[in-house]
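Everything below concerns the one structure shown next.
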Amino acid sequence: MLFENVGELEAYVIKSKDKKLLGWWAQYLESNGEMDSALQFYQAADDIMSFVRIWCYCGRFDEAISIASNTNDRAACYHLARQLENQERFSEAVQFYGKAQAYTNATRLCRANQFDNELISYAMYSTEEDMVICARYYEESGANWDKAIMLYHKSGQVGRALELAFEHQQFTALQHITSNLDSSVEPETLHTCAQFFLEHQQYSKAVDLLLLAKKYLEALDICIDKHISITEDLAEQISPEKDAEPEYKRVLFERIGECCMLQGSYHLATKKFTQAGNRVKAMRALLKSGDTEKIIFFAGVSRQKEIYVMAANYLQRLDWRKDPEIMKNIITFYTKGRALESLSGFYDACAQVEIDEYQNYEKALGALSEALKCMNKAKMQDVGTQEAKINFLKRRISLLKKFVQARRSYEEDVEEAMKQCLMLLEEPDLETGVRSGDIYGFMVEHYASVGDYQKAYHLVQELKQRLPTASLAYYVNNTVLDQIKRNVGLDEPSLDPNTPGTEEEIEEEIPEDFGF
């Protein structure tokens, strides 16, 4: 009944703007052969596929191509591709199969027409089965090995991809494949890849693959031989799994530590030796680093005699004289390490510092007394040597006591103090305990203070004869020396170095035995 008045019906469809009605009316017009009118209604209904279909039916492919290209409607592109294929316009057909995401059809046409360059771009998006077909096509063509390898890899046939890569020396393709490998690949395959990279001097890549294959020791050997730096991350990758055999873990951790030691990564070596349970080697690595704070901390938490001693020996090499905390740690560590012989030696060194730098014989005496206590308690294998050291310390202590006593008695009995000093100077082994220069200095300053400059001068000459290479100012205050010079008649103008005159004249006027 509606079709009795077609004009009114068309007007109603247009007025409704309903796309379904517009599409229905376009089909009606197409069935009546009114193609131009049908195109208008298909366009209004946004039925791109039908719009393109009509253009193809009318043989107007350029218009169809333009519409399909601008809209990228998959159905329209697929229909157009089918029509172009029928027209043997294969290159364009491949393009629109691709736009329609009909990749299997696109690859089929590429293979059939030897569009080898275009094939790979569509095959990579096709099904895994189609990828294999395309890979075989490339393989059978005897060229484009890299594309065949890529497709085998993409399709999941990693083994075949690697075989081709090795067989045809496709280094770039092999790099691409191995960059995506993981531990799920057969260890032997990974090992083969690693050997390939070794042969081509790609050592870092070979190490990565060996780690995936869990060939840790072999990877470490390459790091050492080829100077590959072991970073914190790499060390963690090389480290064994938590559930590995204890002995294997120990050996591997120690091997990593040794490698880090060779490369100068001492902190990392310390960590790995500690994980291996070898704290002595860990301490040796830490000592190499020179990190004093960590060395002290590590010794404290390790609680091993050998480590205590190692730490104390290291600290002795520092400037412990100016750092009381370091000195305290040295004594603590030697004590905890039961290294009484070493502790005795350290107290001896402390005593010598007090003498050489501060002339503090009281403190030196205290330090030597501690040294003797330690040596008495020590358990040296050579008893004779121990006895000799004990006797030597006793003799030094005896000499120090005499000098300390002489200085202490000075306030009460000056003559007795001077007498004791003179007696000390007669001791044949005096220098092993007391510096003769300090005794002379003590006596010279006394005689200068009481105005007996001739006696003081005489003692200065003795000091020069006894210690000809020593500096007088090291033992006697310069002010005191100047007083002595003036008071023994050695300060005339002719003796002043700044007085005009020749060097020969000055030398003639200075007594030969005057040396200060």
Quiz prompt | Pairing residues for Tyr474 by the side chain to side chain donor-acceptor pair (under 3.5 Å) criterion, not counting sequence neighbours | solution =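 For Tyr474 the side chain to side chain donor-acceptor pair (under 3.5 Å) partners, ignoring immediate neighbours, are Arg435.
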
Quiz item: Who passes side chain to side chain donor-acceptor pair (under 3.5 Å) against Gln420, sequence neighbours left out?
Solution: Glu416

In Å, rounded to the nearest 0.5 Å, how long is the span from [atom1] of [X] to [atom2] of [Y]?
X      : Y      : atom1 : atom2 : result
Leu151 : Arg160 : CG    : CZ    : 13.0 Å
Cys374 : Leu393 : SG    : CG    : 10.0 Å
Cys259 : Leu220 : SG    : CG    : 5.5 Å
Glu357 : Arg321 : CD    : CZ    : 6.0 Å

Surrounding [atom1] of [X] (heavy atoms of other residues, nucleotides or ligands, distance under 6.0 Å), is the total greater than 12?
X      : atom1 : answer
Gln304 : CD    : yes
Met380 : CE    : yes
Glu293 : CD    : no
Lys401 : NZ    : no
Tyr125 : OH    : no

Practice problem: Give a yes or no answer on whether the side chain of Thr231 reaches the backbone of Leu234 with a donor-acceptor pair at less than 3.5 Å. | Solution: yes

Quiz item: Which pairs with one or both residues in residues 339-355 pass side-chain hydrogen bond (donor to acceptor under 3.5 Å, both in side chains), sequence neighbours excluded?
Solution: Glu341-Lys389, Asp348-Arg396, Gln352-Asp356, Gln352-Arg396

Answer yes or no: is there an ion pair linking [X] with [Y], defined by an N-O contact shorter than 4.0 Å?
X      : Y      : value
Lys272 : Glu254 : no
Glu245 : Arg250 : no
Lys402 : Glu427 : yes
Glu232 : Lys271 : yes
Asp130 : Arg108 : no

Side-chain atoms of residues 308-317: list all donor-acceptor pairs with protein atoms under 3.5 Å, sequence neighbours left out, distances to 0.1 Å.
from, atom 1, to, atom 2, distance (Å)
Asn313, OD1, Tyr334, OH, 2.4
Asn313, ND2, Val309, O, 3.4
Tyr314, OH, Gly290, O, 3.3
Tyr314, OH, Thr292, OG1, 2.8
Gln316, NE2, Tyr334, OH, 2.9

Practice problem: Measure the shortest side-chain to side-chain distance between Gln263 and Ser229 over non-hydrogen atoms and say whether it is less than 4.5 angstrom. | Solution: yes

Practice problem: Would you please indicate yes or no on a ring centroid separation below 6.0 angstrom for Tyr97 and Tyr78? | Solution: yes

Quiz item: Which residue pairs satisfy the ring pair (Phe, Tyr, Trp, His ring centres under 6.0 Å) criterion with at least one member in residues 361-395, sequence neighbours excluded?
Solution: Tyr361-Phe403

Which donor-acceptor pairs under 3.5 Å do the side chains of residues 205-215 make with protein atoms, sequence neighbours left out?
none

Quiz item: With respect to Cys110, which candidate in Phe115, Tyr137, Phe90 satisfies the side-chain contact (heavy atoms from CB on, under 4.5 Å) definition?
Solution: Phe115

What I want to check is whether the side chains of [X] and [Y] have a donor and an acceptor closer together than 3.5 Å.
X      : Y      : answer
Glu139 : Tyr152 : yes
Glu431 : Ser436 : yes
Asn477 : Thr479 : yes

